[in-house]
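Report on one structure; see the data block that follows.
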Amino acid sequence: MDNQYRPKQIEAEAQAYWEEQQTFRAQEDNGRPKYYCLSMFPYPSGRLHMGHVRNYTIGDVVSRYKRMQGYNVLQPMGWDAFGLPAENAAMERGVPPAAWTRENIAAMREQLKGLGFGYDWSRELATCDPEYYRWEQWLFTRLYRKGLVYRDTAAVNWDPVDQTVLANEQVIEGRGWRSGALVERREIPQWFLRITDYADELLEALDALDGWPEQVRNMQRNWIGRSEGVELSFDLAGRDEQLTVFTTRPDTLYGVTYMGLAPEHPISLELAEGNPAIAELVEEARSGGTAEADLATREKRGAATGLEAVHPLTGERIPVWVANFVLMEYGSGAVMAVPAHDQRDWEFATAYGLPIRPVVHPADGSELDVSAGAFSDYGVLADSGPFSGMPSDRAFAAIAERLEGEGRGQRRVQYRLRDWGVSRQRYWGAPIPMIHCAECGAVPVPDDQLPVTLPEDVAISGSGSPIKSMPSFYETTCPECGGAAERETDTFDTFMESSWYFARFACADQNGAMLDERADHWTPVDQYIGGIEHAVLHLLYARFYHKVLRDEGLVSSNEPFTRLLTQGMVLKDGTKMSKSKGNTVDPQELVERFGADTVRLFTMFAAPPEQSLEWSDSGVEGASRFLRRLHGLVRDHVARGPAPALDPQALGDAQRDLRRKVHETIAKASDDIGKRFTFNTAIAAVMELCNALGKAGDDSDAGRAVMQEGLEAAVLILAPITPHLCHHLWFQLGHTTPVVDAAWPEADEQALVRDEVELVVQVNGKLRGHVTLPADADEGQAREAALAEPNVQRFVADKEIKKVVFVAGKLINVVAK
RNA sequence: GCCCAGGUGGCGGAACAGGUAGACGCAGACGACUUAAAAUCGUCCGGCUUUGGCCGUGCCGGUUCGAGUCCGGCCCUGGGCACCA
């Protein structure tokens, strides 16, 4: 055996072995339970970054662990290949997005192979391949016919200088990132998917997704934002028109002191003609980006309209204001304001000197004070006509009933979730398969004309998608009337591709259909792994899409991902690695210097997967050092010849202690890797084991047998994490089949048994000593031993013992006063 | 602004069901080996201290025999906010 650990050589050999044996090629096999382990596929930016390495190492560790447990594992990989960066690169370097993307894919594929990830490459796919996106187009036309697709207007960021639509990230402080021009909001027609039709199912099914982090389920619940309330209308004095508003707090109806209109509301637009203050608000609303974070942090401003609304129950006149915090996108673009019981309304009322009228008092009878802020809890009504004295919940129902009875309102469920706008005015995306005909309107592209292929040999300028000025692309004939017509030139949101790739991996070679029965064999994904930043959008869209696929009869499960692991970010110097901060670490350099196993080991050791990971160069060296030591331990052991067979009955005390450590490590690592996903503590346990093995120095037959068992355990446990070195060491330890096919070790219960236990002794909850007792000692014996301890006696000497708390196997606490 | 997380030694982290705070690793100090350095191996490594202890898990308060862990309030950092992926 080589005297030195040479990762380069060992890793090349292992990778060649796996490739030659087609180790990771997955076949459907009903004789073994399937396990579909999927890491979120990358955007092919050109090089792997540490976030990818972390994500894919976690996935590979889980996959290899499950394989050792006897599962038939599928672990595929592909490319989320459409998107904005390719267009930016094209502008900078003059390379068409398609060529740039395919070069990046080739480079990153090699990097992934160099890291030793066990993917079934025969299933590789790229979303920019027409054979992939054609099925997305096919499904879209189907959903159109089903009524799940519709056209409506939506706001985009318009750069008036570059004459182009900008993404939110391209709007910096209200200005276009390249031109520096003030960005305008423009309403343009776009395609929408009715995700809100599935809102209730998406919400309710979260309760059963117990393999998902509660944090993510919570974020999705809040995003969907189901609320029950009342929709009611206020007459406008002197106008033949009504304001319809939605409120979740009809119990505060008597506290309404003003109405708020969105600046984009038709009435606001009308009044802006003759009112400079309103015109200014409308102007403000038209400029700047569309991102919610920008809108929500704007200073709250408003202007009186002079109009008055009529309170539906009291007939009182209520002033109508235009307010910039009222959003046209939500509900009707109008709100009733109750400053006493809503903080945002309170702030606006305070700023503009509008009355604050409390009508709900705390249920506990405590004094109500709204001088410093709104009281937004439920309580008991006051000054609310016939409803005074009712608790909020009863008043909610009573007021709703009254409004319904008078035909002025009705109970309604509202969602925060909006329908999914899938149109993008970009080039590098899947063409939306629709044709606009002057005679027939919007017509879906017939199946036999799919895919609508995106022309790839194009030049990208800073303003607008090239296919919008390419008659050879958009000129066509109407499939219905045969007349001249134009293709849709918008492309799909890239979330469309990433919403179903997990199913396509099951049957990536199927060219006659979107999916086949193999999709149902492999899905749902048993374990999905990816960044927490995808907690809402990608994961919600994919859930929606899966339900749509189900309703189309393409899969039969309800949810795409049974278990979800959201991995934290990779940081350096406490902040996110990024090119602009210049604090990136190139995984490729590390692999070349230390080997893939060291990079994998450090990444898994430095932090548990869900936490952020602080990068440390010296920590990487520590990981490398450990692998050298493990290599050395096996080398020295093997150099002494084959180890004799182990006879557990014939061990001395030290040998039994060491063997107990071996099996404790197996038990801990199995729990850490299999159940808790805390790979860092599993590695720490193996390090402890190796420290103990290294100190043993026992050359007796029994000692060498225990050593063999211990080294095998260490290699088996580390095999999913550092697969190349373990592949090598396993053969060195005398095995003839590869460790990748070995069974995961099981702890021997007999080896775990202890004769004695050490109890912690406390007095009044503070540590005062230790006592060693037989493992089966009862409370009486423990108490006797504890009180005999001299240090304990010092602390209880002049006190009365009130009680003794005994926790078997752990501690005994003497409470004395 | 809204929603969701996280704050533990010089650093990354451990403590899994409320029971020894700091496992494991990094950095550092000292020692061994060496002509020397690197590598390797060994010992020490939260603060204070009268050496008996006392203090210590972002801050303030509470529950408990016992709180890093549970509860209430605050501060700071990070993720998401619908066209980055």
Side-chain angles (χ1 to χ4, degrees), chain A residues 40 42-43 45 80 82-85 88 154 156-157 165-171 213-216 218-219 221-223 225 289-298 300 325 329 344 416-418 420-421 423-426 493-495 498 531-538 540-541 566 568-569 571 574-576 602 605-608 610-623 625-626 628-629 632 668 671-672 675-676 678 680-681 683-688 691 694 758-767 769-770 791 794 802-805 807 810-816:
Chain A
M40 291 182 185
Y43 177 80
S45 56
D80 190 11
F82 277 134
L84 208 47
N88 295 334
V156 295
N157 304 304
V165 174
L166 299 178
N168 282 340
E169 74 159 3
Q170 297 173 318
V171 178
E214 186 53 38
Q215 170 197 7
V216 175
N218 237 330
M219 283 194 253
R221 278 188 197 105
N222 292 333
W223 187 263
T290 57
E292 192 195 308
D294 296 335
L295 299 177
T297 48
R298 275 185 184 168
K300 287 175 187 60
F325 66 80
E329 282 85 3
R344 204 179 42 183
R416 204 187 77 96
L417 179 69
R418 306 198 298 259
W420 179 8
S423 296
R424 297 292 179 269
Q425 296 70 46
R426 312 206 180 287
D493 176 5
T494 57
F495 280 127
S498 56
I532 183 67
E533 65 271 20
H534 296 292
V536 176
L537 291 179
H538 162 60
L540 190 65
Y541 290 141
T566 50
M569 290 185 314
L571 311 177
T575 83
K576 191 173 175 169
F602 173 74
F605 179 61
E610 309 218 277
Q611 281 179 34
S612 57
L613 182 157
E614 177 67 32
W615 188 261
S616 156
D617 289 332
S618 53
V620 178
E621 288 181 35
R625 192 145 54 219
F626 170 71
R628 275 203 300 278
R629 282 186 40 198
K668 169 146 182 68
D671 187 49
D672 287 351
K675 292 202 183 75
R676 301 202 311 146
T678 53
N680 57 326
T681 53
I683 294 166
V686 176
M687 286 175 169
E688 279 190 62
N691 289 343
E758 189 178 66
L759 282 191
V760 165
V761 183
Q762 297 180 336
V763 177
N764 293 331
K766 294 201 172 187
L767 177 68
H770 296 92
N791 204 34
R794 269 183 0 106
K802 294 280 184 192
K803 69 170 169 176
V804 174
V805 181
V807 182
K810 278 241 165 97
L811 116 172
I812 182 150
N813 183 17
V814 181
V815 183

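Throughout, a chain's letter reflects where its sequence line sits, starting with A, and its residues are numbered from 1.
Taking atom P in both B/rG6 and B/rC71, the straight-line distance is 12 Å, to the nearest Å. Straight-line distance between the C1' atoms of B/rA17 and B/rC70: roughly 12 Å, to the nearest whole Å. Separating the C1' atom of B/rG46 from that of B/rG10 is a span of 10 Å, rounded to the nearest Å. Between B/rG66 and B/rG19, the distance separating the two C1' atoms is 7 Å to the nearest Å. As rounded to the nearest Å, B/rG22 and B/rG13 have C1' atoms that lie 9 Å from one another. Nucleotides B/rA27 and B/rG12, compared at atom P, are 15 Å apart to the nearest Å. Here, B/rG28 and B/rG18 have their C1' atoms 36 Å apart, quoted to the whole Å. The separation of B/rC16 from B/rC2, taken at their P atoms, amounts to 34 Å, rounded to a whole angstrom.
Checking the phosphate oxygens (OP1, OP2) of B/rC55, a side-chain nitrogen or oxygen of A/K766 falls inside 4.0 Å. Between A/R625 and B/rA27, a side-chain N or O to OP1/OP2 separation shorter than 4.0 Å is present. Between A/N813 and B/rU20 there is no side-chain N or O to OP1 or OP2 distance below 4.0 Å. Contact check, A/R221 against B/rC4: no side-chain N or O comes under 4.0 Å of OP1 or OP2. Listed pair A/N680 / B/rA23 fails the phosphate criterion, with no side-chain N or O lying under 4.0 Å from OP1 or OP2. For B/rU40, one of the phosphate oxygens OP1 or OP2 lies less than 4.0 angstrom from a side-chain nitrogen or oxygen of A/R628.
In this entry B/rC81 has B/rG1 as its Watson-Crick or G-U wobble partner, both defining distances falling under 3.5 Å.
Glycosidic conformation, B/rG9: syn, with the torsion inside 90° of 0. B/rA17 has its base syn relative to the sugar, with a glycosidic angle deviating from 0 by at most 90°.
Salt bridge status for A/R221 with A/E214: present, with a side-chain N to carboxylate O gap under 4.0 Å.
Proximity note for A/L811 (side chain, C-beta onward) versus B/rC16, B/rG19, B/rC26: the nearest is B/rG19. For A/Q215, taking side-chain heavy atoms from C-beta onward, the closest of the listed nucleotides B/rG13, B/rA27, B/rC4 is B/rC4. Here B/rA15 is the nucleotide among B/rA21, B/rG19, B/rA15 with the atom lying nearest to any side-chain atom of A/T681. Here the side chain of A/M569 is nearest to one of B/rU20, B/rG79, B/rC16, namely B/rG79.
Side-chain atoms of A/Q762 and base atoms of B/rG19 include a donor and an acceptor less than 3.5 Å apart. Within 3.5 Å, no donor on the side chain of A/N222 pairs with an acceptor on the base of B/rC3, nor the reverse.
Using a 4.0 Å heavy-atom cutoff across all strands shown, A/T297 reaches at least one base atom of the nucleic acid.
The shortest distance between side-chain heavy atoms of A/K810 and A/V760 does not fall below 4.5 Å.
Along RNA chain B, the nucleotide closest to A/A296 and the one closest to A/A684 are compared, and the more 5′ of them pairs with A/A296.
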Exercise for the section: Would you give a per-nucleotide map of nucleotides 80-85 of chain B, 5' to 3', where B means the base has a protein non-hydrogen atom under 4.0 Å away, S means only the sugar-phosphate does, and - means neither? Expected result: SBBBSB
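Note: A/F495 and A/Y541 have tilted aromatic rings, judged against thresholds of 30 and 60 degrees for the angle between ring planes.
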